[in-house]
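Data block below; observations after.
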Amino acid sequence: MLWPALRSVLFQLDPERVHHLAHWALRRVPTALARARRPAPIPALAVRCMGLDFDGPMGLAAGFDKGDVALPGLFALGFSHVEIGTITPRPQPGNDRPRLFRLPEHRALLNRMGFNNEGMEACARRLAALPPGARLGPVGINVGKNKATPNEDAASDYLACIEWLHPYADYLVVNISSPNTPGLRQLQERDALDRLLRACVRHLAERAPGKPLLVKLAPDLSPEALDEAVDVAIAAGAAGIVATNTTLSRAGVERHPRAPEAGGLSGAPLERLATEVVRRCYARAAGRVPIVGVGGVMDAEGAYAKIRAGATLVQAYTGLIYGGPGFVGRVNAGLARLLERDGFSTLSDAVGADHRQGGGKAAG
Ligand SMILES: Cc1cc2nc3c(=O)[nH]c(=O)nc-3n(C[C@H](O)[C@H](O)[C@H](O)COP(=O)(O)O)c2cc1C
């Protein structure tokens with residue numbers, strides 16, 4: 001009950017300032033406190049995939065921790081895994097402010113941050129300096145290209161990030177789906193994607209055989225383009241698909257005064273679109289790689305919908321902003337109840353359940 005009151009105060013302030021304040025506080029959480037405060041894992045929710053063990057499905061999506069590294073604090077919130085990034089080779093300031101907006105009536109955010117980050121070397125230094133035990137679960141690192149790098153040279157940016165950051169990552173994500181770096185999404189097209197992913201997979205395999213490399217896709221691809229991207233990604237050796245990034249669509253928020261702002265929409269209005277993308281990726285991947293479901297997960301029902309549609313892991317960002325520090329604990333408790341209600345003894349049994357029950361929900 002404390003959170004709604006605190007949230008109404010915080011929501012009076014500039015969103016990016018609140019973000020920095022929250023991150024500052026989270027960076028100060030010592031590992032011992034994080035261990036003590038972390039909600040106890042629920043055994044039925046444990047997930048093993050890509051050779052990694054997760055004590056639940058819920059991870060923090062990329063973009064909250066852009067390399068400042070607040071790992072113990074973020075794990076203390078109950079996340080099973082944390083995805084850091086997007087990190088680019090060179091530091092860059094991102095777009096001009098304001099670049100992050102709340103749409104509280106819709107439980108949504110709109111952002112055009114533009115990969116503001118201090119670059120791969122600073123991120124690597126911080127990760128290297130973490131005290132032992134600060135990683136309370138798998139840590140993913142999401143990598144991108146600098147704004148100034150033309151798409152023809154994009155691969156060298158991704159490879160540089162992989163080179164610097166792979167020692168600190170349990171998995172890596174190639175982000176080609178942010179709407180806020182001009183031209184980035186063109187890297188999702190077949191030939192560009194094939195070249196980029198093959199280069200990244202090879203580079204990582206030579207340095208850290210077996211370490212998973214995933215690709216993060218946009219929710220705005222046509223169904224055919226999505227199928228093609230999944231096929232190309234798997235053929236190139238990607239270990240999983242992260243679906244999805246923010247959307248350029250304004251469906252459901254058309255009349256909001258912030259709707260005309262440039263950027264990607266996240267939160268509740270993205271939920272159904274992202275779930276349908278997960279559904280289609282799962283059908284297309286046909287068990288060859290896991291799907292990480294992201295987009296508008298605001299509660300346990302939303303996480304469960306992603307899982308039933310085919311997500312092995314689930315991530316959230318906007319749900320944390322609206323749900324507060326108790327968000328992950330509530331989602332996990334609710335997920336355990338939903339699994340029991342539907343007669344699943346483990347979470348893995350529920351992954352893709354919609355596809356096995358007919359009823360026209362499975363993607364064609
Ligand atoms: C402020 C903000 C910054 C983000 N930055 C990144 C980023 O740097 N890299 C990335 O892959 N996704 C980024 N995302 C997208 C999220 O990881 C996620 O895919 C998207 O917000 C949908 O999930 P949600 O509805 O739970 O927020 C960002 C999202 C927000 C709201």
Side-chain angles (χ1 to χ4, degrees), residues 14-20 22-23 58-68 79 81-88 92 94-95 97-103 106-118 123 140-147 158 161 172-181 184-185 187-188 214-220 241-249 252-253 258 261 263-275 277-278 291-299 302-303 305-306 311 313-323 327-328 331:
D14 170 67
E16 203 170 334
R17 284 194 61 183
V18 176
H19 175 82
H20 286 301
H23 205 279
M58 290 300 299
L60 178 63
F64 188 88
D65 190 322
K66 287 183 181 267
D68 292 344
F79 289 110
H81 63 288
V82 171
E83 192 168 306
I84 290 174
T86 295
I87 307 298
T88 57
Q92 62 178 29
N95 291 319
R97 297 187 196 193
R99 53 191 179 176
L100 174 60
F101 307 94
R102 299 186 196 97
L103 290 67
H106 300 287
R107 293 186 301 152
L109 297 173
L110 209 158
N111 93 83
R112 52 168 178 269
M113 305 299 289
F115 292 170
N116 54 308
N117 79 111
E118 292 180 51
C123 180
I141 303 185
N142 174 310
V143 298
K145 74 167 192 76
N146 281 107
K147 184 179 179 182
Y158 288 90
C161 287
L172 286 130
V173 178
V174 171
N175 179 13
I176 45 171
S177 51
S178 166
N180 302 314
T181 294
L184 189 79
R185 285 182 167 195
L187 296 172
Q188 294 176 116
L214 294 77
V215 60
K216 185 165 179 178
L217 299 177
D220 304 321
I241 310 283
V242 184
T244 68
N245 217 308
T246 55
T247 181
L248 289 169
S249 162
V253 305
R258 294 297 190 194
E261 296 283 355
L265 183 69
S266 60
L270 171 60
E271 183 188 355
R272 284 187 54 183
L273 175 62
T275 302
V277 173
V278 168
I291 314 299
V292 182
V294 203
V297 173
M298 311 303 280
D299 50 29
K306 288 276 190 296
L313 294 168
V314 178
Q315 295 180 340
Y317 180 149
T318 309
L320 173 67
I321 306 305
Y322 284 87
F327 170 68
V328 184
V331 171

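Bear in mind the structure is a predicted one, so any value in this text is a computation, not a measurement. Ligands are counted one by one from 1 in listed order, and the atoms in each one are counted from 1 as well.
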Quiz item: Of the protein's non-hydrogen atoms, which lies at the shortest distance from atom 21 (O) of ligand 1, and what is that distance?
Solution: Ser266 CB, 3.3 Å
Practice problem: For Arg185, enumerate each residue passing the side-chain hydrogen bond (donor to acceptor under 3.5 Å, both in side chains) test, keeping only those at least two apart in sequence or located in another chain. | Solution: Asp220
Quiz item: Out of curiosity, His19 NE2 to Leu100 CG, how far, rounded to the nearest 0.5 Å?
Solution: 8.5 Å
Quiz item: For atom 1 (C) of ligand 1, what is the nearest protein heavy atom, given as residue, atom name and distance?
Solution: Tyr317 OH, 3.4 Å
Quiz item: Looking only at distance, does Gln315 have an N or O less than 3.5 Å from an N or O of ligand 1?
Solution: no
Self-check item: Taking atom 12 (N) of ligand 1 as the reference point, the nearest protein heavy atom with its distance
Solution: Lys216 NZ, 3.1 Å
Practice problem: For Leu270, take its heavy atoms, then give the atoms of ligand 1 lying under 4.0 Å from any of them. | Solution: 22 (C)
Exercise. Output all residues satisfying side chain to side chain contact (heavy atoms under 4.5 Å, CB included) with Glu118, sequence neighbours left out; order by chain, then residue number.
Key: Asp68, Ala122, Arg126
Quiz prompt | Heavy atom of Asn117, distance to ligand 1 below 4.0 Å | solution = no
Quiz item: Near Leu100, which atoms of ligand 1 are under 4.0 Å from a heavy atom of that residue?
Solution: 1 (C)
Self-check item: Shortest protein contact, atom 15 (C) of ligand 1 (heavy atom only)
Solution: Asn245 OD1, 3.5 Å
Quiz prompt | Proximity of Val173 to ligand 1 by residue part, where a heavy atom lies under 4.0 Å | solution = neither
Quiz item: At a non-hydrogen distance cut-off of under 4.0 Å, which region of Thr86 contacts ligand 1 (side chain, backbone, both, or neither)?
Solution: both
Quiz prompt | Part of Thr318 with heavy atoms under 4.0 Å of ligand 1, whether side chain, backbone, both or neither | solution = both
Practice problem: Provide the number and element of each atom of ligand 1 under 4.0 Å from a heavy atom of Thr244. | Solution: 19 (O)
Quiz item: Aromatic rings His23 and Phe64: how do their planes relate, parallel, tilted or perpendicular, breaks at 30° and 60°?
Solution: tilted
Quiz item: Which ligand 1 atoms, with their elements, are less than 4.0 angstrom from a heavy-atom of Gly85?
Solution: 8 (O)
Quiz item: Just how far is it from atom CZ of Arg99 to atom CE of Met113, taken to the nearest 0.5 Å?
Solution: 4.0 Å
Quiz item: In terms of atom number and element, which parts of ligand 1 are under 4.0 angstrom from non-hydrogen atoms of Gly295?
Solution: 22 (C), 23 (O), 25 (O)
Exercise. Look at atom 29 (C) of ligand 1 and find which of Thr88, Asn111, Ile84 reaches it with the closest heavy atom.
Key: Asn111
Practice problem: Kindly give the heavy-atom pair with the smallest separation between Phe327 and Asp299, and that separation in Å. | Solution: CE1-N, 4.2 Å
Quiz item: Quick one: does Gly267 get a heavy atom under 4.0 Å from ligand 1?
Solution: yes
Quiz item: Do you know the tightest heavy-atom contact between Val297 and Ala303?
Solution: CG1-N, 3.7 Å
Quiz item: Short list, please: which atoms of ligand 1 are under 4.0 Å from a heavy atom of Val294?
Solution: 18 (C), 19 (O), 23 (O)
Quiz item: Is there side-chain contact between Asn117 and Gln92, with heavy atoms separated by less than 4.5 Å?
Solution: yes
Quiz item: Which atom pair, heavy atoms only, marks the closest approach of Leu248 to Pro179?
Solution: CD2-CB, 3.7 Å
Quiz item: Can you tell me if Tyr158 uses its side chain to pair, donor with acceptor, with the backbone of Asn175 under 3.5 Å?
Solution: yes
Exercise. Would you check if the side chain of Asn142 reaches a backbone N or O of Ala62 as a donor-acceptor pair within less than 3.5 Å?
Key: no
Quiz prompt | ligand 1 versus Lys66: contacting region, heavy-atom distance under 4.0 Å | solution = side chain
Quiz item: Would you say Val253 and Arg258 make side-chain contact, with heavy atoms under 4.5 Å?
Solution: no
Quiz item: Which pair of heavy atoms, one from Met58 and one from Ala316, lies closest together, and at what distance?
Solution: CE-CB, 4.1 Å
Exercise. Answer yes or no: does an N/O atom from Gly296 fall short of 3.5 Å to an N/O atom of ligand 1?
Key: yes
Quiz item: Which heavy atom of the protein is the closest neighbour of atom 5 (N) of ligand 1, given with residue, atom name and distance?
Solution: Gly63 CA, 3.2 Å
Quiz item: Which of the atoms in ligand 1, numbered in the order shown and given with their element, are less than 4.0 Å from a heavy-atom of Asn142?
Solution: 10 (C), 11 (O)
Exercise. Would you check whether Ala62 has a nitrogen or oxygen atom less than 3.5 angstrom from a nitrogen or oxygen atom of ligand 1?
Key: yes
Quiz item: Is any side-chain heavy atom of Val215 less than 4.5 Å from a side-chain heavy atom of Ile241?
Solution: yes
Quiz item: Counting both backbone and side chain atoms, is some N or O of Thr246 under 3.5 Å from an N or O of ligand 1?
Solution: no
